[in-house]
Amino acid sequence: MILSLIWPRPATQGDDPWRRGNTLLLWAFVSLLILVPWGYAAVPLAAGLLALCGVLARRGPTRQYPALLDGEDWGWLLVLATFAGLWCWDVARTGQWPVAEHARGWLMPLWPLLAAALLIWLRRHPPSRIGWWLGLLVGGQGAGAIAMHERFVLGAYRADNGMNAIPFGNLALLLGVLALVAMLGRLSLSRRPFPWLTAALGLTAVAGFAASFLSGTRGGWVVVPLLAWMGFRAFRGVFSRRRMLMAAAGFWGLLAGLVAMTALTDYGVSSRIERAMDDARDYVVEGDSGNSVGLRLEMWHAGGQLFLEKPLTGWGEGHLQAARDAMVEAGVLHSGVSQFDQLHSDIIDTAARRGVLGLLTLGALYGVPAWLFARHLHRSRDPQTRTLALSGLMVAVAFVDFGLTQSMLRDARGLSGYLGLSVACWVLLKAHLVTLRLREAPQGQA
């Protein structure tokens, strides 16, 4: 049924088959990002092959969606190329490629270049929003089902779907938030295709939040109040005050229910928050740096020290670990930090690894998309424009928060998720703006 919604009939003369293929791939990427091993890499590579086939076929842009890129697109492309370029330079000067968990981070410095190429391709043949909606539906509800099975049936301590529990929980939380935004955006439509999808997206939000709670991931939930405030601000001009208050009450009621569930079962975030407080007290009072919080603070201390020694360009790929291990041998750090391949913070890890230059490119990778999405959010009164701009802004803001306590951009799914979700929101937003302009243009200029 899902495939029939994305690809409902054979292409006719007026259809753009490349656009329909991109819709299918968008659905697959969002659906499989944290559900299937290698889904985060296989789908972008398939999209790249489709784009290559399209270029070789020399199919021009459709009349409705011009291929010209504007200044905002070029800003995106410049940021992606600069981030990748500095990372590749870092690899070249040290002779080492970054290796993420289970050696799945092969060629990660080149991924932003693939994202740039796909941005151009998707701007030329933008996917339909149905692929986004259905992708959130499958990805969020799948993550919830897996998390509940692992925790309540298999008895696992933390739900993780065979990966690091932190990116699993963070990305599940983000899918839940995006599903909730999509549901509110659909409620603002005067005519809603597939009316069942609106309620299904609401259930997806519940499933995504539950998966994150059952993963025991703590850091990502710090950003939830900020995301809730952003959503309230974005939709308060769309819905009546009464409906906004009802939505806010339902949202916080849902979170309270999830907290109660995890507290009663001794599973999830609540018990891990208590443990974090105990670990922090032991670190400060007793100097115990071998617990979870203590090791993280030790890594942050090491990153700060190493950054001060080489502030401009940093230590580089591989050399950072060697410098950190030398501090361990000297007795400056706890030996437990050597088991990690990153410093549990995108900002600190980037500062120590690539110095001020790396921090500038990281800031641009977060900041430029966030600024562009915020710009469209504040300029437009159109509910669908605001929904898509809010979704993209939430992706950027959430990853900034995730990256405070975990190196999400050095995780294969984390990097793929940030690039893929933010680019998807961007091309959907720009396609919708083109549609609005064509709809509002005089008959003779359409």
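Heavy atoms only: backbone and side chains are in, while hydrogens, waters and symmetry mates are out.
For the pair Gln384 (side chain) and Gly185 (backbone), a donor-acceptor distance under 3.5 Å is present. Formation of a donor-acceptor pair under 3.5 Å by the Thr94 side chain with backbone atoms of Asp90 is found in this model. Between the Thr385 side chain and the Leu433 main chain, no donor and acceptor come within less than 3.5 Å of each other. Not one N or O on the side chain of Ser416 forms a donor-acceptor pair closer than 3.5 Å with the backbone of Ala412. Judged by distance alone, the side chain of Trp300 and the main-chain N or O of His344 form a donor-acceptor pair under 3.5 Å. Judged by distance alone, with hydrogens and angles left aside, the side-chain atoms of Gln141 form a donor-acceptor pair with the main-chain N or O of Ala200 at under 3.5 Å. No donor-acceptor pair closer than 3.5 Å links the side chain of Arg354 to the backbone N or O of Thr313. Although no hydrogens or angles enter the test, the distance criterion places a donor-acceptor pair under 3.5 Å between the side chain of Ser422 and the main chain of Leu419. Judged by distance alone, with hydrogens and angles left aside, the side-chain atoms of Thr23 form a donor-acceptor pair with the main-chain N or O of Ser128 at under 3.5 Å. The closest donor-acceptor contact from the side chain of Asp349 to the backbone of Gln342 lies at 3.5 Å or more, if one exists at all.
Minimum interatomic distance between Trp76 and Val423 (heavy atoms only, all atoms of both residues): CZ3-CG2, 3.7 Å. In this structure, Gly176 and Phe209 approach most closely via the heavy-atom pair C-CE2, 3.8 Å. Summarising the geometry of Ser338 relative to Val328, their closest heavy-atom pair is OG-CG2, 3.7 Å, with the distance given to 0.1 Å. Here the closest heavy-atom approach between residue Ser345 and residue Ile348 is recorded as OG-N, 3.3 Å. Here the closest heavy-atom approach between residue Phe307 and residue Ala351 is recorded as CD1-O, 3.2 Å. For Leu333 against Glu298, the heavy-atom pair with the smallest separation is CA-OE1, 3.3 Å.
With contacts defined as side-chain heavy-atom distances shorter than 4.5 Å, the pair Leu362/Tyr366 qualifies. In this structure, Val427 and Pro127 have side chains that are in contact, with non-hydrogen atoms separated by less than 4.5 Å. Contact annotation: the side chain of Trp87 never approaches that of Leu110 to less than 4.5 Å [non-hydrogen atoms, C-beta and beyond]. Looking at heavy atoms from C-beta onward, Leu86 lies in side-chain contact with Trp89 at the 4.5 angstrom threshold. Inter-residue side-chain proximity for Ile34 and Tyr40 is flagged as unmet; no heavy-atom pair is nearer than 4.5 Å. Side-chain contact check for Tyr418 versus Pro369: some heavy-atom pair is nearer than 4.5 Å. At least one side-chain heavy atom of Leu175 sits less than 4.5 Å from a side-chain heavy atom of Val30. In this structure, Ser31 and Val36 have side chains that are not in contact, with every pair of non-hydrogen atoms separated by 4.5 Å or more.
Classification of Glu150 and Arg158 as a salt-bridged pair fails, no side-chain N sitting under 4.0 Å from a carboxylate O. Under a 4.0 Å N-O distance rule, the pair Arg123/Glu72 does not qualify as a salt bridge.
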side-chain contact (heavy atoms from CB on, under 4.5 Å) assessment of Arg129 paired with Leu388 | CA-CA 10 Å; Arg129 269 181 292 169; Leu388 293 169; 4.1 Å; yes

When you look at Leu377 and Met230, which way does the side-chain contact (heavy atoms from CB on, under 4.5 Å) test go after all the steps?
-> CA-CA 11 Å; Leu377 179 62; Met230 291 167 55; over 6 Å; no

Candidate pair Val224 and Leu173, rule side-chain contact (heavy atoms from CB on, under 4.5 Å), full reasoning = CA-CA 9 Å; Val224 169; Leu173 172 64; 4.1 Å; yes

Under the side-chain contact (heavy atoms from CB on, under 4.5 Å) criterion, do Phe399 and Leu174 qualify, and how do the steps go?
-> CA-CA 9 Å; Phe399 265 87; Leu174 182 56; 3.7 Å; yes

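Between Trp426 and Phe373, the ring planes lie perpendicular to each other; the angle is over 60°, past the 30° to 60° tilted range.
Once rounded to the nearest 0.5 Å, the distance linking CG of Leu409 with CE of Met108 reads 7.5 Å. Rounding to the nearest 0.5 Å places CD of Gln305 at 5.5 Å from CE of Met327. Between atom CD1 of residue Ile146 and atom CZ of residue Arg151 there is a gap of 14.5 Å, rounded to the nearest 0.5 Å. Put simply, OG1 on Thr204 and CG on Leu178 are 11.5 Å apart, with the number rounded to the nearest 0.5 Å. With values rounded to the nearest 0.5 angstrom, Leu393 atom CG is found 10.0 Å from Cys425 atom SG. The line from CG of Leu415 to CZ of Arg410 is 10.0 Å long, rounded to the nearest 0.5 Å.
Judged purely by distance below 3.5 Å, without hydrogens or angles, the side chains of Ser212 and Trp221 pair a donor atom with an acceptor atom. In summary, the side chains of Gln321 and Trp315 do not present any donor paired with an acceptor at a separation below 3.5 Å, with no hydrogens or angles considered.
With sequence neighbours left out, Trp121 forms a ring-ring contact (aromatic ring centres under 6.0 Å, His included) with Trp18, His125.
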